[in-house]
Amino acid sequence: MPVPPHARGYASFGGTAGRTSAESTPDWTYPPTAPAGAPNIVVVFVDDMGYSDIGPFGSEIETPTLDRLAAQGVRLSNYHTTPLCSPSRAALLTGINSHRAGFGFVANADPGYPGLRLELADDVLTLPEILRGNGYATYAVGKWHLVRDATMNPSAHRDSWPTQRGFDRYYGSLEGLNSFYYPNQLVSDSSVVDVEEYPEGYYLTDDLTDKALSYIKDLRAHDAEKPFFLYFAHVAMHGPLQAKAEDQAKYRGRYDQGWDELRRRRFAEQLAQGLFPPGTEQKPRNTEPGYEAAEWDSLSADERRRHAKYMEVYAGMVDSIDQSLGRIVDLLEDLGELDNTIIVFTSDNGGTAEGGPEGTRSYFAEFAHVDDPDWVGDVPHDEDLIGTAKLGVHYPRGWGQASNTPFRFYKGQTFAGGVRVPLVVSWPKGLPRNGTDSGIRHEYAYVTDLAPTLLDLAGLNRPSVRNGLPAKDFDGVSAAELLRDQAAPTRHTEQYSEMTGHRGFYRDGWKLLSLHDSDADIDAPDWQLFDVRADPTELHDLSEQYPDKAAELAAAWDESAWANTVFPLLTRADLFRRRPEEARFAAPVRLLPGTPTLERYRSQRLIAYRDFTITADLTGVRQPAAATAGDSGAARDAAAPDGAEPTGFQLGDEGVLVAHGDPLGGYLLYIEDGEVVLGVNSYGRYASVGVPLPVGTREITVRATVEPRLRWDFTIQVDGTPLAELTDQVQLVGMAPWTGISVGVDARGPVSWDLRERRGPFRYTGALRAITYTPGPIQVPQRTIDAVEREAEYAAE
């Protein structure tokens with residue numbers, strides 16, 4: 001009997017439906033399945049690692065896993081990326097030029113222009129979306145940084161979060177960086193992981209690796225054949241630099257000869273490996289103001305010793321990345337799947353100059369350096385703490401230059417030091433090497449080529465529609481032929497680049513570059529022209545010799561910039577404009593006990609560059625009581641000095657009332673032994689003041705007042721009466737405090753090391769009703785204008 005015309009729900013049914021099952025034929029729909037034999041795909045994406053930092057590209061750092069993959073795979077010696085992290089991630093995952101994908105900058109701004117959406121648009125397909133549509137399981141771990149910082153909080157929309165952009169599972173940090181011992185916020189799938197205290201021995205790279213392995217094992221326990229895509233985006237090597245003690249120890253003393261000698265040795269090894277043609281020149285030390293690196297032998301013995309320690313930490317972190325990859329390779333071998341897994345290893349941009357000429361004790365303090373160079377007493381500092389959880393250091397830029405051997409400049413610039421990075425591709429089954437293949441490809445390739453190349457290698461199709469909208473076409477092209485044949489020419493013959501006014505344009509071996517001076521007209525580039533076939537290190541400017549070629553490429557850059565929504569070019573002040581509704585983040589807020597740790601950006605808006613008041617409502621607190629057996633003598637003395645009746649809280653009413661930050665900077669208010677204590681951690685330097693609490697205290701208030709030279713003066717009031725001051729404390733600005741606000745506990749990283757070692761997270765045991773923040777207006781005196789601009793500059797890089 002046919003289905004009656006008024007029946008609903010049968011239009012797409014492929015079987016037949018009668019009144020009973022005896023008269024009907026079933027039909028099932030199935031999700032897409034991958035082609036038989038489709039390879040697994042693993043993309044390992046490292047942060048801020050330069051061209052020469054791994055063994056296959058000239059490094060002395062021990063990278064046996066990468067050495068093995070390179071020996072059986074292919075190295076691209078002429079691979080380019082964008083100058084900064086979010087743009088490179090967008091380009092890699094979409095195959096679309098970064099501005100056209102909406103990421104002409106990092107996801108820490110919101111100026112309101114198409115090339116700077118700083119979230120993925122609805123018509124932009126991602127590689128995991130395409131792969132999932134082709135039957136793949138899709139997993140991501142690590143750094144995301146494709147979410148505006150204003151939308152990292154749990155109340156925001158999640159349109160650009162990993163699991164909304166094609167990943168089945170995600171574990172990592174939405175931020176652009178993080179602490180390796182005390183991450184400020186981790187996300188599992190689409191929910192924040194509620195962490196009060198990280199376990200002893202915790203290290204972020206190991207945690208991410210454990211999660212990646214668990215995803216693969218879980219898949220194979222349920223499906224023996226489904227191919228997977230793993231996007232492992234390391235938080236390393238981004239500052240702050242922190243490495244496990246055992247990984248640091250491997251490199252003790254190896255860098256005592258300094259960065260000049262290291263660059264010489266690495267370049268010699270690169271030439272020996274055939275990464276550059278004979279006669280290639282290495283760039284002498286960078287000498288341009290703001291980019292210069294000192295001659296190593298000109299440093300004092302103390303400076304050389306301290307600077308060498310920074311590089312030992314950096315090397316230990318690179319080593320740790322290789323160990324992580326080794327664990328993934330071992331699992332693939334155990335599963336019998338290594339031969340049919342495409343493994344890609346690369347970096348998002350070159351090594352950085354963020355540590356300044358001398359290195360910094362605090363990565364975050366460098367964001368707001370004012371005209372007083374000792375405003376946080378930045379250097380020298382305790383060398384024993386370099387690389388540990390207690391400091392968030394970054395190396396001097398001389399090591400960044402060594403990282404980028406043999407190129408000029410650093411992350412953030414369009415010269416090769418900022419954009420030319422290592423690329424290793426291994427797929428034993430699909431890219432076998434014959435005896436005459438060197439395994440090195442010298443042809444040009446770009447980050448947008450990775451997505452179309454992986455789809456081409458796997459034999460997969462890309463849809464033309466996303467969510468009912470025509471999907472933007474790839475800008476990249478497949479480099480599959482180049483990977484298979486060392487004689488194949490590149491299909492990527494021209495490419496624009498732009499970042500904060502730095503510009504570049506490549507066409508058929510010619511490269512036009514401009515280094516933007518922050519004081520210059522942003523739309524008046526000082527072009528330099530290079531023939532990078534003969535001069536890969538970009539040393540010899542030919543713009544005067546070939547003015548017509550320079551003009552041709554300058555016009556091509558302009559045309560490409562319009563086509564890719566690069567315009568308008570923005571000064572730093574305009575670039576860091578925020579949408580007006582973000583002003584609500586600085587409205588007074590009442591936080592109840594049990595509120596999960598407030599997200600970092602939301603928390604920071606309550607205090608940055610402003611006066612603020614914190615009020616602890618202790619209504620209903622227990623009354624004082626006599627000390628009992630087992631109470632500490634110190635507590636009894638504090639509660640009842642000179643044998644008098646107790647004058648403070650009952651001994652059980654103690655703990656942290658509010659904490660904001662971690663070892664990299666913050667403050668906290670707590671009660672212990674009858675005293676209320678305010679502690680301030682100024683980027684690793686700690687100061688505190690305490691005062692006994694009167695009987696029946698109901699309200700404790702901390703007032704922070706902005707003072708010149710980016711300082712705060714703090715006052716503690718108890719029931720309206722000022723009782724203590726802590727003055728001349730460094731303001732926490734830029735991205736500090738890194739960990740958000742916790743109520744009734746010092747969650748995640750400790751603001752005070754001494755308190756954490758004595759009391760742990762120290763949950764408050766009394767009757768805390770709420771913590772209220774009341775921010776004042778932003779106050780940026782003229783003398784700190786430079787600090788704000790520098791904050792913008794470093795946050796960009």
Side-chain angles (χ1 to χ4, degrees), residues 39 41-46 49-59 63 66-81 88 91-92 95 267 269-280 342-348 350 404-407 416 419-458 474 476-495 506-511 531-538:
I41 300 172
V42 175
V43 173
V44 179
F45 204 34
V46 184
M49 190 187 76
Y51 188 87
S52 72
D53 283 333
I54 59 175
F57 282 77
S59 180
T63 55
L66 284 164
D67 294 345
R68 172 188 175 186
L69 294 176
Q72 68 187 19
V74 177
R75 286 174 283 173
L76 274 68
S77 70
N78 197 11
Y79 169 76
H80 291 66
T81 182
S88 293
L92 184 150
F267 185 51
E269 178 63 22
Q270 290 169 342
L271 291 174
Q273 291 184 15
L275 294 169
F276 299 100
T280 300
I342 302 171
I343 298 177
V344 176
F345 182 95
T346 189
S347 176
D348 63 352
N404 296 332
T405 300
F407 303 123
V419 300
R420 195 160 168 179
V421 294
L423 178 66
V424 176
V425 181
S426 172
W427 184 22
K429 180 178 179 180
L431 297 172
R433 288 258 303 276
N434 61 48
T436 62
D437 190 340
S438 68
I440 298 176
R441 305 292 185 263
H442 297 293
E443 294 290 302
Y444 183 93
Y446 190 64
V447 60
T448 54
D449 298 339
L450 288 178
T453 298
L454 291 170
L455 295 176
D456 190 357
L457 290 174
F474 282 145
V477 296
S478 173
E481 184 180 357
L482 184 63
L483 294 174
R484 292 189 173 107
D485 182 1
Q486 63 181 340
T490 182
R491 294 178 56 212
H492 202 130
T493 57
E494 63 178 54
Q495 179 64 45
Y506 171 85
R507 176 181 283 171
D508 293 330
W510 290 95
K511 200 170 182 183
D531 178 356
V532 291
R533 294 160 297 191
D535 179 22
T537 49
E538 303 164 358

- prompt: Considering residues at least two apart in sequence or located in another chain, which fulfil the salt bridge (Lys or Arg N to Asp or Glu O under 4.0 Å) criterion with R533?
  reply: D531

- prompt: Rounded to the nearest 0.5 Å, how far apart are CG of N434 and CG of D485?
  reply: 9.0 Å

- request: Specify the closest pair of heavy atoms between P428 and S426, including all atoms of both residues, with the distance to one decimal.
  value: CD-OG, 3.8 Å

field: Candidate pair T81 and Y446, rule side chain to side chain contact (heavy atoms under 4.5 Å, CB included), full reasoning
entry: CA-CA 6 Å; T81 182; Y446 190 64; 5.7 Å; no

message: Check this for me, if you would: do R491 and E481 make a salt bridge, where the nitrogen-to-carboxylate-oxygen distance has to be below 4.0 angstrom?
response: no

task: Enter the distance from H80:NE2 to H492:NE2 here, rounded to the nearest 0.5 Å.
output: 10.0 Å

- prompt: Who passes salt bridge (Lys or Arg N to Asp or Glu O under 4.0 Å) against E269, sequence neighbours left out?
  reply: none

message: For a side chain to side chain contact (heavy atoms under 4.5 Å, CB included) check, start with the C-alpha distance between V421 and F57, then their side-chain angles and the critical distance, and finish with the verdict.
response: CA-CA 9 Å; V421 294; F57 282 77; over 6 Å; no

task: Give the minimum heavy-atom separation between I440 and Q273, together with the two atoms involved.
output: CD1-O, 3.2 Å

- prompt: side chain to side chain contact (heavy atoms under 4.5 Å, CB included) between F45 and D348: does it pass, once the steps are laid out?
  reply: CA-CA 7 Å; F45 204 34; D348 63 352; 3.6 Å; yes

task: List the atom of S88, the atom of V447, and the distance in Å for their closest heavy-atom pair.
output: O-CG2, 3.8 Å

message: Main chain of G58, side chain of S52: is a donor-acceptor contact present, judged purely on distance under 3.5 Å?
response: no

- prompt: Closest approach of P452 and G95, non-hydrogen atoms and distance?
  reply: CD-CA, 4.4 Å

task: Evaluate the ring planes of F407 and Y51, with Trp represented by its six-membered ring, and classify them as parallel (under 30°), tilted (30 to 60°) or perpendicular (over 60°).
output: perpendicular

message: Given 3.5 Å as the limit, does a donor-acceptor pair link the side chain of T537 with the main chain of P406, or not?
response: no

task: Taking all heavy atoms of V532 and all of K511, pick out the closest pair and write down the distance.
output: CG1-CB, 3.8 Å

message: Donor-acceptor check, side chain of R433 to backbone of A71, threshold 3.5 angstrom: yes or no?
response: yes

task: Could I get the full list of ring-ring contact (aromatic ring centres under 6.0 Å, His included) partners for F267, not counting sequence neighbours?
output: none

message: Could you work out, with salt bridge (Lys or Arg N to Asp or Glu O under 4.0 Å) as the rule, every residue matching R507, not counting sequence neighbours?
response: E494, E552

- prompt: With sequence neighbours left out, which residue pairs that include part of residues 439-449 fulfil the salt bridge (Lys or Arg N to Asp or Glu O under 4.0 Å) condition?
  reply: D437-R441

field: Separation between CG of N78 and CG of L423, rounded to the nearest 0.5 Å
entry: 11.0 Å

- prompt: Can you list the residues that meet the side-chain contact (heavy atoms from CB on, under 4.5 Å) rule with P56, with sequence neighbours excluded?
  reply: I54, T63, L66, D67, A70, R75

message: As a quick check of understanding, evaluate side chain to side chain contact (heavy atoms under 4.5 Å, CB included) for V43 and T346, giving each step before the final call.
response: CA-CA 8 Å; V43 173; T346 189; 5.5 Å; no

- prompt: Rounded to the nearest 0.5 Å, how far apart are CG of L454 and CH2 of W427?
  reply: 10.0 Å

L275 side, atom CG; T280 side, atom OG1 - distance, nearest 0.5 Å: 10.0 Å

message: Rounded at 0.5 Å granularity, tell me how far CG in L69 sits from CD1 in I343.
response: 5.0 Å

